[in-house]
Every structure is written in C-alpha cells, then in structure tokens.
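Below is one structure, written out as structure tokens, with a few remarks after it.
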Amino acid sequence: MFLTSNVHRAPLHVSVSSLSQLNSQSVFSVKYAVKLLKKLADDGNFKLGKVVHALLIVSNHASKDHVIQNNCLINLYSRCGQLAIARHIFNRLQQRNIVSWSTLMTGYLHNGFTWEVPKLLKDMVSVDNLFPNEYVLSTVLSSCSNGGLLHEGRQCHALVLKSGLVLHQYVKNALLSLYTMSSDMEGVLEILKSVPGSSNITDNVVLKGFLDHGYTNEALDVFSRMLSEGSVGDKISYVNIFGLCARLKDLKLGQQVHCRMLKSGLQLDVFLSSAVMDMYGKCGEILGARYIFYSYPDHNVVSWTTILAANFQNECFEEALKMFLQMELQDVVPNEYTFAVLLHSCAGLSAIGCGKTLHARVEKTGHGTFVVVGNALINMYVRSGHIEAARALFSNMICRDTVTWNLIISGFSHHGRGEDALYMFQDMLAAKEQPSYVTFIGVLLACGHLGRIEEGFYYLQHLMRDFGLEPGLEHYTCVVGLLGKAGKLDEAEKFMRSTPITWDVIAWRTLLNACNVHRNYGLGQKVADHLLQLNPNDVGTYILLSNMHAKVKRWDGVAKMRKLLRERNIKKEPGLSWTEIRNETHMFVSDDTQHPETAQIHEKVRKLLAEIKPLGYIPDTASVLHDVEQEQQEGYLSYHSEKLAVAYALMKTPSQAPIHVIKNLRICDDCHSALKLISKVTMRVIVVRDVNRFHSFQNGSCSCADYCQPEVVSLNKTFLTINHKSASGEKILGVRTVSARFGTDPFL
DNA sequence: CTAGGGTTAG
C-alpha cells in the first residue's frame, strides 16, 4: 500500500543531514501526517514516530498547531509507553478538544496509572467545561474497574445515567466490567435487564463475570443464548466457554464445544490452547489435555503451568514433575502457580525430597512469599508426614488466607492432633478469618478424635449456620464418626436414619468401621448388608466385614467373605507402600519378591516379628484378606507391603531417624499392632500415611488411638490418594526412583 | 484523532 511503503521506506532513509534539505519543504499535509501517525501508533513504532515528529517540527508547517495532528502525537507517545512525553505535549497544546483529553486518559489507563484517570475527568469538566462523551466515559469506567476504584466508578455510573449514554454498547460493557470487578452480580443482572442490545463482547464480559463469581446457571444461560443465536463468537468466547465447561466438569459439553471450535476453523493460540487443556484437565481427560499441549508448539509459563496442573489434577503427579524438567530445558521461567502445582504434586506422592528441593528454590527466587506457594508448601509438609515443619511454615507466613488455615487445621486432624487443630481453629476465628465449608470438616474430624460430642454438635448445628454455611454430607459423616468413635453406635445409626440426606458408601462404611472397633457384631452385620446392597462389589466392605468376623472368631464368616470375593471375581487393589531414602523412592508390593534385597528384607521382618512376640504380638493373618489365589500356595509368606517398607527403612536409615511410609490402602489391624510394638523395640518414630490419615507410632502406641478416621474428602479430591500407575500405564514394582533434580540443591 | 472482552493454584 501507498501508506505503508512511504512509512517504511522513505523516512527510514532520513538522516540528520538530510533533515535540513527537507526543512523548507511541506512534506506532509495534515491529512497525511494524521494517517502516518495513526499507523505508527498502532504499530507502537517509537523510533520512526520520533523521526516523523521531528520532521513535523522542522518542516515549519502551519500544521504544527493543528489539534487533530497533536492528538495523534499524544496517542503515538502513549501507545509507545512514553507517557511523560505525551503529557508534555498535552500541557503545551495551544488548543485542545475532548479527544485530547480522552487520548491522554487512555494513555494513563494503558500505562497502569488508573487512579489518575478519574482526576483527569474532573479537570476536564472543571477547567475546560466539557461534558464527557462515550469515549471518555468508557475509558474512565475501564480505569475504575482495572484499578479497583469502586467509589469513583459509582460516580461515573451517575454521570452515565445523566448523559443518557447507558445505551451505548461500549459504555454498557465498561459498566458491566465495573460491577463484575466489585463482585456485584446483582448489579450486573440489573444492567443487563435495563439496557437492551448485546454483542459478542458483552457476552464475554458477562460470561467471565458469572463464572468468576459462581453464577454457573446464569453463565449457562448466556451460553445457550449464544448458541441459539447461531454463533459462539470468537477465540475469546471459546476461552470463556471452555472455562464454563471446566467449572461444570462436563466433559461431554467440553468435547462438543471443542468440535464446534474445530469446525469453525479457529486456530489455537496460547490462550485458547490453555483454556482447552484446562477444560480437559478439570474434566478428568488428561489425554485430551496432553493432545492439545503437543498440537500447539508455542507455550508460555501459563500454558505450561496449565498442562502441569492438568496432570496433577488427574493424579499423574510424577508426570507433572517430569514435564517440569522439559519446561526448564526450554527456558520457560516458572511463576508462583507453577511452583504451587509442583509442590502439590510432591504432596500427592509424599515426595519429601523433591518437595524440599523446591522449597529451597522458592526461598531463593522469592516465590515463597506468595500465598499460593506458602499453602502448597504447608500441604506438602502435612502430606509427607512432617506436621511440625508445616506448623513452622504456617507461623512464619506473612499473609494467610482461608485455605492456609484449612490446611493447618485439617493437617493436625489427619495427624491425630485434635487439640492442636481446635486451637488453630480458635486462632483462625480470633484472626477474623472467615471459616469455610472445608474448615468445619477439619474441625469436626478433630472433635471426633478427641471424643468431644457436644462441641462437635455445637459446631455443626450453630456455629456453621452463624457463618452462613449449610452442613453437607462430609460434615454429617464426621458426626457419624464422632458418635461411632465414642461407642455410641445406636445413636450414630439413629442419627443416620433421622438426618434427611442421601448417605453414601463412605458414610455407611464409617459406621461399619465403628461397629468393627467396638465389636458390635449385630449392627455391623446389618450395616454391611445395607452396604452390599448399595454396592455389591465394594472391596472395602468385604475387608471390614472379614475383619469383624475374625475379631469375634467367626472363622466361618471369614471363609464366606473369601468365597464371595472369589465367586464374584472381585480383585483387591494390590497393597503398595513406599518410603523415600535419600531422594530415592522404594516401592513395595505386598508379598513382593522383586526388590533386589528381598532376602535381607524378609530376614529383617522375621527378626522384628520375633522381637515383638515376647511383648504380646500375636500374628493375626487370618483376619486379613490377602490375594486369595496366592494365599493358598505353599510356603506363602504374608508380609504386607508396609511391613516390608518399614523393615527396609530400618535397615537403611540412621538409628534415630524417624521413618516415613506411605501406602495406598488402609493399614490393616495386624500391621497396626505390629508397628506399635516395632516402634517400641526399635525406639523409632514410624509415621505411616494410609488412605485416610496419618499413624504416628511411637513407644508402643499410635496417634490414631486405634481408631480410623472417616474417609471424608478433605481439602481437595486428591487428598491422600495416590497414583500407582505411571503415565505410560506401566505397573510399578520393586525399586523405583523419583528423580529429584530440579536445578537447585537444597543444601547449596 | 480517542474507547471494550482471554489462559495457570486451592
């Protein structure tokens, strides 16, 4: 084009010496200068812009006082990030109009000086006696929403109403953004109702607003209206809609939207690919997320973090850590979200070595001061069994949020430290931090552990409601556990029958477990029947039931359970335990002989069992459901994985070191009593994380006080669940090492 | 001559 060729060629050849030749010539008409400056402003071309500006000055043309041309110069400099120059020109204008003001305001807005913009409006009205038009109003409103200036924004709303410009779409959208920013979704609905007309941009603002503030149904309404109008818009619309699908965890809808996007021919960009990955990740379809990741090449921190998070959310913790190494190789610099995801992945694996390395790194980079990272660190230490390290971190945190408190409270609860948990809860209230739904799960677990029935009911029936919280299934399940633990089994059953809620398998299993502990055979059988009716293939029920039969020496019952399992071809998930020794993770499978040191480990187990026998240990293998086929083989050694892992850790660690073992199932009664005694004879602290909680064995007793906690979901869905398959699906046996090289050695 | 919407943690 004529314009571009002129811009890009002619002025480029202008040198200082040639300026004098151009001096007397009228090179630019005003009209041409305006076109040129606009083009340069759009490109953000500071270098050429200065040259043209210089030419305009030296050309001695009458145009230099031309207001439109000068407005273009202000625009040029503010678009190039040179706000000081823009302001200087504005100050020296011979004459100015409303566009001069509006251009300057936009400059302040885009350069981050949002709070100056309402002041400029005030000056404009008082000094130049100009009334704001739609350009000015939408710019000032945007500044208010970007800068959190709610008060000023409200005043602008008044101006908008006075001017009658509400009907203007730009102004309306800016108003919607303002009310979205201030979480006033009722205000948003009000504007939508009173102002007709909608554009793609309106839809996007509103959709995002509804999503951010939990108005999922309203967001769905917007989406279905977009569909009925035949188009779902552009890339940004798709980003928002994928966000909606992610929120709904509706994979089917997400796939349909994805198909539609493909058909519409839209190409992925870094935002869109992140949004699609996030959708697949949150909908539990990790393969979809990975597919998108590899089909779009140009990733930034955010899209990398998205794929790491998708892996984490789908319990592919190792894969998340491995992919981070790739990210580093590509020189993408991680941010606080990246570190949070990585630390949560370590937490999922109880990979304390990786976790500590990352801890060292965030301390060095300064990311440790972000709440998200602090929370992730606390979570990592809690789930690796280092509750005191978590407490120390908590004490040193500069700023905390609800999640921080929830983590430390339920952390103590899961470690059987009920009193500490309740003290923390009191501190939380004293710090004026609003407790949430999750907070009370941790609090009720703590009450359960301490056997404080009345206190628990007070929290459930009064305090929660004082904070506007409606108790849910998790809370009620905690109460069942609370009553059950105190031996009030009939009351627990009555509570379940009288509470109008749909109880799930977990709740009934909590009651069955209580029956088991308190040897209430009759009620136990009743509950078990009910459980098997709910889910005839639930292994957990069979195991509990079999334990119960064994406890009252009803061996016929135990045999019946085994027969049922065999007949129904129900496979018990293999028992896995692992322990980390100097950054190496050693994984054990029950009755596994693949570890290179199997002979020594078995020898160690035999020795330990012999040592604790005099202290009263009676092997209780009959009560334990092993793999039925294997069990009938001759010479079968019933060594559960946790026994193997503990024995190995005892062999390989210094004599005072505490031992940390993680397992995928619930610890069985036999191992539990064995480990209590082993902690006594070896004088070691042995911390075992099972699916539900932590058992801290010390000097012959356990922090769980021999009672299992209800299996309520706490903090998030991945709490205490593990990934026993690697990304490629290979089965993990014997020794496996989780690499812990993340660029920074914690001891450097 | 001047104005608007997007991705990651729990």
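Throughout, protein chains are lettered first and strands after them, A, B, ... in sequence-line order, and every chain is numbered starting at 1.
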Query raised in the report: Does the base of B/dT8 carry an N or O that pairs as donor and acceptor with the side chain of A/Thr306 under 3.5 Å?
Result: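 By the distance-only test, no, there is no pair.
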
Requested in this report: Spell out yes or no: do the side chain of A/Asp269 and the base of B/dG6 have one donor N/O and one acceptor N/O closer than 3.5 Å?
Outcome: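 Yes.
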
Requested in this report: Look at A/His344 and B/dT8 and indicate whether a side-chain polar atom (N or O) is within less than 4.0 Å of OP1 or OP2.
Outcome: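 No, outside the criterion.
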
Any idea how [X] and [Y] line up, ring-wise: parallel (<30°), tilted (30 to 60°), or perpendicular (>60°)?
X: A/Phe339; Y: A/His367; answer: tilted
X: A/His359; Y: A/Tyr381; answer: perpendicular
X: A/Phe210; Y: A/Tyr215; answer: parallel

Requested in this report: With pairs defined as Watson-Crick or G-U wobble and both distances under 3.5 angstrom, please note down DNA chain B as a dot-bracket string, | for pairing with another strand.
Outcome: ..........

**Report entry** Closest to the A/Ile201 side chain, choosing from B/dG5, B/dT7, B/dT2
**Finding:**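 Minimum distance to the A/Ile201 side chain belongs to B/dG5.
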
Query raised in the report: Among B/dG4, B/dA9, B/dG6, which is the nearest nucleotide to the side chain of A/Tyr337?
Result: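 Selected nucleotide (nearest to the side chain): B/dA9.
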
What pairs of donor and acceptor atoms, side-chain ones from residues 168-181 of chain A against any protein atom, are under 3.5 angstrom apart with sequence neighbours left out?
{"residue": "A/His168", "atom": "ND1", "partner": "A/Tyr170", "partner atom": "N", "Å": "3.3"}
{"residue": "A/Gln169", "atom": "NE2", "partner": "A/Pro196", "partner atom": "O", "Å": "3.4"}
{"residue": "A/Lys172", "atom": "NZ", "partner": "A/Gly197", "partner atom": "O", "Å": "2.3"}
{"residue": "A/Asn173", "atom": "OD1", "partner": "A/Thr202", "partner atom": "OG1", "Å": "2.7"}
{"residue": "A/Asn173", "atom": "ND2", "partner": "A/Gln169", "partner atom": "O", "Å": "3.2"}
{"residue": "A/Ser177", "atom": "OG", "partner": "A/Asn173", "partner atom": "O", "Å": "3.1"}
{"residue": "A/Tyr179", "atom": "OH", "partner": "A/His157", "partner atom": "ND1", "Å": "2.6"}
{"residue": "A/Thr180", "atom": "OG1", "partner": "A/Leu176", "partner atom": "O", "Å": "2.8"}

Is [X] touching bases, backbone alone, or none of the nucleic acid, heavy atoms closer than 4.0 Å?
X: A/Arg96; answer: nothing
X: A/Thr402; answer: nothing
X: A/Thr305; answer: base
X: A/Lys235; answer: base

Query raised in the report: Can you list the residues that meet the salt bridge (Lys or Arg N to Asp or Glu O under 4.0 Å) rule with A/Lys31, with sequence neighbours excluded?
Result: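 If we apply the salt bridge (Lys or Arg N to Asp or Glu O under 4.0 Å) test to A/Lys31, skipping adjacent residues, there are no hits.
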
